[in-house]
> 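If you scroll down you'll find the structure; I have some questions about it.
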Amino acid sequence: SAVKKNDDAEFAYTLRRNYPNPFNASTTIEIELTATSQIRLEICSSLGRLIKTLVQDELSPGHYRYIWDGTSDQGMHVTSGVYLCKLITATEEHSCKMLLVK
């Protein structure tokens, strides 16, 4: 998690570890926001190639839960391996590693 000061306001974004990890069929990703923010939650390959965009929206403060089922934006199942979950805001980027095992 990180705290960022911006225009005298404090914004905190938390990207929690996905669970289960490693995973087979699907994994759950949770984020928390303390202020309304434009966010993007992406799944990328270990080389940084975009695989899937889980959300791209302005979200209110709160706790959010997303499930990734191991598919790409085109609906194709991806191969076993290491993937990155990236939470991108206007001011920051956080990521965590996920291991898909088939």
> Can you sort out the partners of E30 under side chain to side chain contact (heavy atoms under 4.5 Å, CB included), two or more places apart, ordered by chain and number?
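Once residues adjacent in sequence are excluded, the partners of E30 under the side chain to side chain contact (heavy atoms under 4.5 Å, CB included) criterion are R16, Y19, T28, H63, R65.
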
> Are the side chains of M98 and I29 in contact, using a 4.5 Å heavy-atom criterion?
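Side chain of I29 against side chain of M98, heavy atoms only: contact under 4.5 Å found.
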
> How long is the span from the CG atom in L59 to the OG1 atom in T89, to the nearest 0.5 Å?
11.5 Å

> Is it the case that more than 12 heavy atoms not belonging to K97 sit under 6.0 Å from its NZ atom?
no

> Sorted by first residue and then second, give each salt bridge (Lys or Arg N to Asp or Glu O under 4.0 Å) pair with at least one member in residues 69-89; sequence neighbours left out.
K86-E93

> Hey, quick one: are Y66 and I43 part of the same hydrophobic cluster, counting side-chain heavy atoms closer than 4.5 Å, chains of contacts allowed?
yes

> Please collect all side chain to side chain donor-acceptor pair (under 3.5 Å) contacts where either partner lies in residues 39-52, sequence neighbours excluded, each pair once.
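Listed by first then second residue: R40-E42, R40-T53, R40-Q56, K52-T71.
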
> Which residues pass the side chain to side chain contact (heavy atoms under 4.5 Å, CB included) test with P20, not counting sequence neighbours?
F23, T27

> What's the separation between atom CD in Q38 and atom CG in L33, rounded to the nearest 0.5 Å?
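Answer rounded to 0.5 Å: 11.0 Å.
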
> Testing the basics here: between C96 and R17, what is the closest heavy-atom pair and its distance to 0.1 Å?
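Looking at all heavy atoms of both residues, the closest pair is CB-NH1, 3.4 Å.
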
> Of all residues at least two apart in sequence or in a different chain, which pass the side-chain hydrogen bond (donor to acceptor under 3.5 Å, both in side chains) check with N21?
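For N21 the side-chain hydrogen bond (donor to acceptor under 3.5 Å, both in side chains) partners, ignoring immediate neighbours, are N18.
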
> To the nearest 0.5 Å, tell me how far S95 OG sits from I88 CD1.
9.5 Å

> Give the minimum heavy-atom separation between L100 and V78, together with the two atoms involved.
CD2-CG2, 3.5 Å

> Supply the members, apart from V82, of the Ile/Leu/Val/Met/Phe/Trp/Tyr cluster built from side-chain contacts under 4.5 Å; use none for a lone residue.
L99, V101

> Not counting sequence neighbours, list each pair that qualifies as a ring pair (Phe, Tyr, Trp, His ring centres under 6.0 Å) and has a residue in residues 43-62.
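Sorted result for residues 43-62: empty, none.
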
> Are the side chain of S72 and the backbone N or O of Q74 linked by a donor-acceptor pair below 3.5 Å?
yes

> Name all residues meeting the side chain to side chain contact (heavy atoms under 4.5 Å, CB included) criterion together with S60; count only those two or more places apart in sequence or in a different chain, and write none if there are none.
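Scan of S60 (side chain to side chain contact (heavy atoms under 4.5 Å, CB included), adjacent residues dropped) gives T36, Y64.
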
> With ring pair (Phe, Tyr, Trp, His ring centres under 6.0 Å) as the rule and sequence neighbours excluded, what pairs involving residues 29-49 come up?
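As it turns out, there is no ring pair (Phe, Tyr, Trp, His ring centres under 6.0 Å) pair with a partner in residues 29-49 once direct neighbours are skipped.
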
> Can you tell me which residue pairs pass the ring pair (Phe, Tyr, Trp, His ring centres under 6.0 Å) test with a partner in residues 34-58, sequence neighbours excluded?
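Sorted result for residues 34-58: empty, none.
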
> Please identify each residue that fulfils side-chain hydrogen bond (donor to acceptor under 3.5 Å, both in side chains) with E58, with sequence neighbours left out.
none

> Going only through I, L, V, M, F, W and Y residues with side-chain contacts under 4.5 Å, is there a path from W68 to L84?
no

> With the 4.5 Å side-chain cut-off for hydrophobic clustering, are V55 and I51 part of the same group?
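Same cluster.
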
